[in-house]
Amino acid sequence: MLLYIIRRLIQMIPLVIGITFISFLIIQLAPGNYLDQLKMNPQISKETIKELERAYGLDQPLLVQYFKWLINALKFDLGYSFSYHVPVLDLIKERVGNTLFLSITSAVLAWGIAVPLGIWAALNPNRWVDKFIQLFSFTFMSVPNFFLAFLLLFVAVKTGIFPTGGATSPDYDQMSTFGKILDRLWHVSLPAFVLAIGSLAGLVRLVRSAMIESLQSEYVMFARAKGLAEKDVIYKHALKNALNPFITLLGFEIASLLSGAALIEIIVNWPGMGMLMLDAVLSQDLYLVMGGLYIGAIMLIIGNLIADLLLARLDPRVRQREIEGVLK
């Protein structure tokens, strides 16, 4: 397993380089840069603009700029933000925790509801329970996340049931530890529910179909023939084998949650990476955009690595293939 982890970490290096290089090229192809806004100010001299270009390295060739940034980024020195005038890493540290909290909360909510509903539907195929769950799934698969976010935000403004901005209440620092936990959960409830519904609708259908296939397999029939309790047959045999493909899907779910979280954060005014990246793109803050993409790419790759490790842990065939690949 250790060799497998090392091998995957080595594979991350060219992937991160490829993602950041393409992103850097796309950003540089956009017309103008942050300093163009300063050039329009008659109080700022041309000499000052040139000095700023030298200070930020914008007067150098494109490839030189990228490789200088990459060398520093590998040491987690992401440069200074043009618009905020503080280190990029400090800005990301303030926001990345909120994005991770939102993504993890919505993932736990989606999987925690999708798996029981999928099992329930599979155990009652073509009955009213199954049809109701499928109707629920199809309905929310057809509703875009951003539309649901706008709808719930309107309800929150009218009713006051959910907070409509921010990650904590104004008196958060005066609360007890338990009160702080409840306050954080209350504020994350609306965006987490929106993200969870989007994942939940598709996951329910996948769990249902995988469970139906697993329940009809020979090893389940053999377990029942041995006289095992129905609960053991369902949860220890059918469910364990049915969920193997979903461990791989977990990596893609992490990617979709992080990317989907950015749009939802902007709509509901959640102080995460989405709002920060939007401000950076609008102001053409090069190093802040690159820093956000760099950290986001690392989080996605680590998420996929965790999914692969869980799959290798549950499925001995995966471990055997990796061992054979290392030996070759």
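For reference, positions follow the sequence shown, starting with 1.
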Could you go step by step and tell me if Glu47 and Lys50 meet the salt bridge (Lys or Arg N to Asp or Glu O under 4.0 Å) rule? CA-CA 5 Å; Glu47 290 75 16; Lys50 289 182 180 179; over 6 Å; no
In Å and rounded to the nearest 0.5 Å, what is the [atom1] to [atom2] distance from [X] to [Y]?
X: Ile92; Y: Leu288; atom1: CD1; atom2: CG; value: 6.5 Å
X: Ile10; Y: Leu15; atom1: CD1; atom2: CG; value: 14.0 Å
X: Ser189; Y: Leu182; atom1: OG; atom2: CG; value: 11.5 Å
X: Leu109; Y: Leu195; atom1: CG; atom2: CG; value: 10.0 Å
X: Ser106; Y: Leu200; atom1: OG; atom2: CG; value: 11.0 Å
X: Ile22; Y: Ile27; atom1: CD1; atom2: CD1; value: 12.0 Å

Taking [Y]'s backbone N and O only, do any of them form a donor-acceptor pair with [X]'s side chain (distance below 3.5 Å, no angle check)?
X: Asp90; Y: Val86; result: no
X: Asp183; Y: Thr168; result: no
X: Ser142; Y: Thr139; result: yes
X: Ser103; Y: Thr99; result: yes
X: Ser176; Y: Gly179; result: yes
X: Gln65; Y: Gln60; result: yes
X: Ser214; Y: Ala210; result: no
X: Asp285; Y: Phe82; result: yes

Does the separation of the ring centres of Tyr80 and Tyr287 fall below 6.0 angstrom? no
Taking the six-membered ring for Trp, are Phe132 and Phe136 ring centroids under 6.0 Å apart? no
State, yes or no, whether a side-chain contact exists between [X] and [Y] at a heavy-atom distance under 4.5 Å.
X: Leu123; Y: Leu215; answer: yes
X: Phe146; Y: Ile267; answer: yes
X: Leu190; Y: Trp270; answer: no
X: Ile197; Y: Leu148; answer: yes
X: Tyr66; Y: Thr20; answer: yes
X: Met175; Y: Ser169; answer: yes

Please walk me through it: do Asn98 and Arg184 pass side chain to side chain contact (heavy atoms under 4.5 Å, CB included)? CA-CA 10 Å; Asn98 288 333; Arg184 295 278 294 183; 3.2 Å; yes
Among Glu265, Met273, Met277, side chain to side chain contact (heavy atoms under 4.5 Å, CB included) partner for Arg95: Met273
Mind checking whether [X] and [Y] sit in one hydrophobic cluster, side chains of I, L, V, M, F, W, Y counted as touching below 4.5 Å?
X: Ile181; Y: Phe193; value: yes
X: Ile13; Y: Leu70; value: yes
X: Met290; Y: Phe21; value: yes
X: Phe162; Y: Phe154; value: no
X: Trp186; Y: Leu152; value: no

Trace of the side chain to side chain contact (heavy atoms under 4.5 Å, CB included) decision for Leu62 with Leu25: CA-CA 8 Å; Leu62 182 63; Leu25 285 179; 3.3 Å; yes
Side chain to side chain contact (heavy atoms under 4.5 Å, CB included), that's the test. Do Val204 and Ile133 meet it? Break it down for me. CA-CA 8 Å; Val204 168; Ile133 291 174; 3.3 Å; yes
Would Arg208 and Asp130 pass as an ion pair if we require N to O under 4.0 Å? yes
Report the C-alpha separation of Tyr294 and Trp69 in whole Å, then their side-chain angles, then the decisive distance to 0.1 Å, and conclude whether the ring pair (Phe, Tyr, Trp, His ring centres under 6.0 Å) test is met. CA-CA 11 Å; Tyr294 178 67; Trp69 175 87; 5.7 Å; yes
Give me the atom names and distance for the closest heavy-atom approach of Val88 to Gly291. CG1-CA, 4.1 Å
Would you check, one step at a time, whether the test side chain to side chain contact (heavy atoms under 4.5 Å, CB included) holds for Ile298 with Phe76? CA-CA 12 Å; Ile298 289 175; Phe76 282 91; 4.0 Å; yes
